[in-house]
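Just below is one structure, and these are the notes that go with it.
Computed from a predicted structure; not experimentally measured.
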Amino acid sequence: MILWHLFDAPKRYTDVARLIPAVSQRALTQALRELESDGVIHRDGTRWTVSALGKRLRPTLGAMMEWGETHRLWSATRDATRSAGD
């Protein structure tokens with residue numbers, strides 16, 4: 001989720017935290033540091049931005065999000081069909 005939000009534009013820590021309210025401060029800090037250590041993002045002053053390496057992940061993340069949405073809709077339809085048969 002962090003990376004997906006950073007694809008739009010560089011963001012400050014507080015912006016990322018606001019976009020992902022369910023994550024704790026500690027977990028967000030750790031995730032940002034790990035992504036930076038892996039070379040996927042970097043910090044430019046006070047803003048986090050996606051690196052050239054990270055930008056190469058966009059098609060893969062997009063496909064995963066599409067799959068997730070399709071699976072979510074499929075599961076909801078399946079569950080509704082099962083409930084109707086009871």
Side-chain angles (χ1 to χ4, degrees):
M1 289 181 71
I2 294 168
L3 193 54
W4 192 254
H5 287 300
L6 291 177
F7 282 138
D8 294 333
K11 293 183 176 49
R12 293 175 185 224
Y13 178 91
T14 54
D15 298 329
V16 177
R18 191 175 22 248
L19 290 166
I20 311 171
V23 69
S24 70
Q25 181 178 353
R26 181 177 180 196
L28 178 58
T29 299
Q30 181 178 350
L32 287 167
R33 287 180 182 160
E34 288 176 7
L35 288 167
E36 182 180 32
S37 176
D38 292 339
V40 177
I41 65 172
H42 61 88
R43 189 168 60 189
D44 184 18
T46 60
R47 296 182 185 267
W48 292 96
T49 188
V50 179
S51 68
L53 176 66
K55 289 177 183 177
R56 295 181 65 196
L57 290 170
R58 189 175 194 144
T60 302
L61 290 178
M64 290 173 70
M65 288 182 67
E66 183 179 322
W67 180 89
E69 182 63 18
T70 300
H71 180 70
R72 184 185 65 79
L73 293 173
W74 176 80
S75 293
T77 301
R78 183 194 64 199
D79 293 345
T81 303
R82 285 183 181 172
S83 294
D86 290 341

Residue set satisfying side chain to side chain donor-acceptor pair (under 3.5 Å) with Glu36, at least two apart, ordered chain then number -> none

What pairs of donor and acceptor atoms, side-chain ones from residues 61-69 against any protein atom, are under 3.5 angstrom apart with sequence neighbours left out?
residue	atom	partner	partner atom	Å
Glu69	OE1	Arg72	NE	3.3
Glu69	OE1	Arg72	NH2	3.4
Glu69	OE2	Arg72	NH2	2.5

Review item, side-chain donor-acceptor pairs of residues 41-48, under 3.5 Å, at least two apart:
none

Problem set entry | Leu57 reachable from Leu53 in the ILVMFWY side-chain graph, under 4.5 Å edges |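 No, because Leu53 and Leu57 fall into different hydrophobic clusters, even though each may have its own neighbours under 4.5 Å.
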
Worksheet item: Can you list every pair that meets salt bridge (Lys or Arg N to Asp or Glu O under 4.0 Å) and has a residue in residues 50-61, with sequence neighbours left out?
Response: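 For residues 50-61: none.
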
Contacts satisfying side-chain hydrogen bond (donor to acceptor under 3.5 Å, both in side chains) that involve residues 3-20 (not counting sequence neighbours) are Tyr13-Thr29, Asp15-Arg18

Fill in: Between CG on residue Leu35 and CD on residue Gln30, distance to nearest 0.5 Å
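Going from CG on Leu35 over to CD on Gln30, the span is 10.5 Å.
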
| request: Of all the heavy-atom pairs spanning Gly39 and Ser51, show the shortest one and how long it is. | output: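 Looking at all heavy atoms of both residues, the closest pair is O-OG, 2.5 Å.
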
